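Bear in mind that the values here come from a model prediction, so they are computed numbers and not experimental data.
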Amino acid sequence: MMKNIDFEKIIEAVKSTKAIVLDEELRTQISMKGEADFVTEVDYQISKYLEKELSKLTPDIGFMSEEEDTQIVPTRWILDPIDGTTNLVYGYNVCSVSLALCVDEVIEFGVVYNPFNGDIFTGYRGKGAFFNGKKLPQIPDRELENCLIEFGAGSTRKEQADVAFAIGKHVFKNCLDLRRVCSSALSVCYVAQGRLNGYFEKELKPWDYAAAGLILEECGGKMCDWYGDKIRYTAPSGFICGSEKAFDFLKQTIREFDQ
């Protein structure tokens, strides 16, 4: 099956969502799925558009999206039409379209695209990861005091704030600084690229990390769920990732503060 997929056409389909993202009218059509949980017509239109395009290019592959009620099948696309919707709503133009190919719970291909600056990350299992077409090297393993760490506070889970910020405070006191990109897919890609060195968040959805996680692994990064176990792609999961030193520190910190 993999040999019959034209991944360049898949990437072009993802890049062609830029016009939808930049449509000002669609961006102002906003509703709420829950507390601090926005969805816009951009999200819906991208989901519908890519479902249609993918069904043409890969008719035998299932489709799983944040904005669609779909049945989970062994071979499926996993889509986050807009990762960072709150950023989009507020005009803080850091968000991404994230698409992964999952085969028997293994991610084989991933693409993460920032339509605002054109940055595109791609990953192919066993063949490496790429940024704007150039192969990414193995990630730097910086000493903890030189690490930038992405802090996922969980704006929709404020009841967990005390523990989240206790962890964040401990991490902040031991690393160089914290960051809040607020697009999980981009954050993980930035770890793969070395712009960041680690990232943690107690609950994410498969579409938040599926594509970016492969890109990270192909650059030598490490990841696990909140309890140190293997990441799942069928249900929400905690997420910890980083270069080796940052990853080990984050796992130990979370074990001390929240387990």
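With T58 contributing its side chain and L54 its backbone, the two residues share a donor-acceptor pair below 3.5 Å. Counting only distance, with no hydrogens or angles, the side chain of R27 and the backbone of L22 share no donor-acceptor pair below 3.5 Å. In terms of modelled atom types and a separation under 3.5 Å, the side chain of T17 and the main chain of V14 share a donor-acceptor contact. With hydrogens and angles disregarded, a donor-acceptor distance shorter than 3.5 Å links the side chain of E150 to the backbone of V181. In this structure, the side chain of D23 does not engage the main chain of I20 through any donor-acceptor pair within 3.5 Å. For the pair N114 (side chain) and D119 (backbone), a donor-acceptor distance under 3.5 Å is absent.
Atom CG in L88 sits 5.0 Å away from atom CZ in F116 (nearest 0.5 Å). The distance from atom NZ of K127 to atom CD of E218, rounded to the nearest 0.5 Å, is 10.5 Å.
The shortest distance between side-chain heavy atoms of R142 and K245 does not fall below 4.5 Å.
Pairs of residues two or more places apart, or lying in two chains, that qualify as salt bridge (charged side-chain N to carboxylate O under 4.0 Å, His left out) and include a residue from residues 47-58 are E53-K56. Under the salt bridge (charged side-chain N to carboxylate O under 4.0 Å, His left out) criterion, the residue pairs touching residues 72-87 are R76-E105, with sequence neighbours excluded.
The aromatic rings of F121 and F131 sit tilted, their planes meeting at an angle between 30° and 60°.
Between Y209 and the options S98, S237, S184, S187, a side chain to side chain contact (heavy atoms under 4.5 Å, CB included) holds for only S237.
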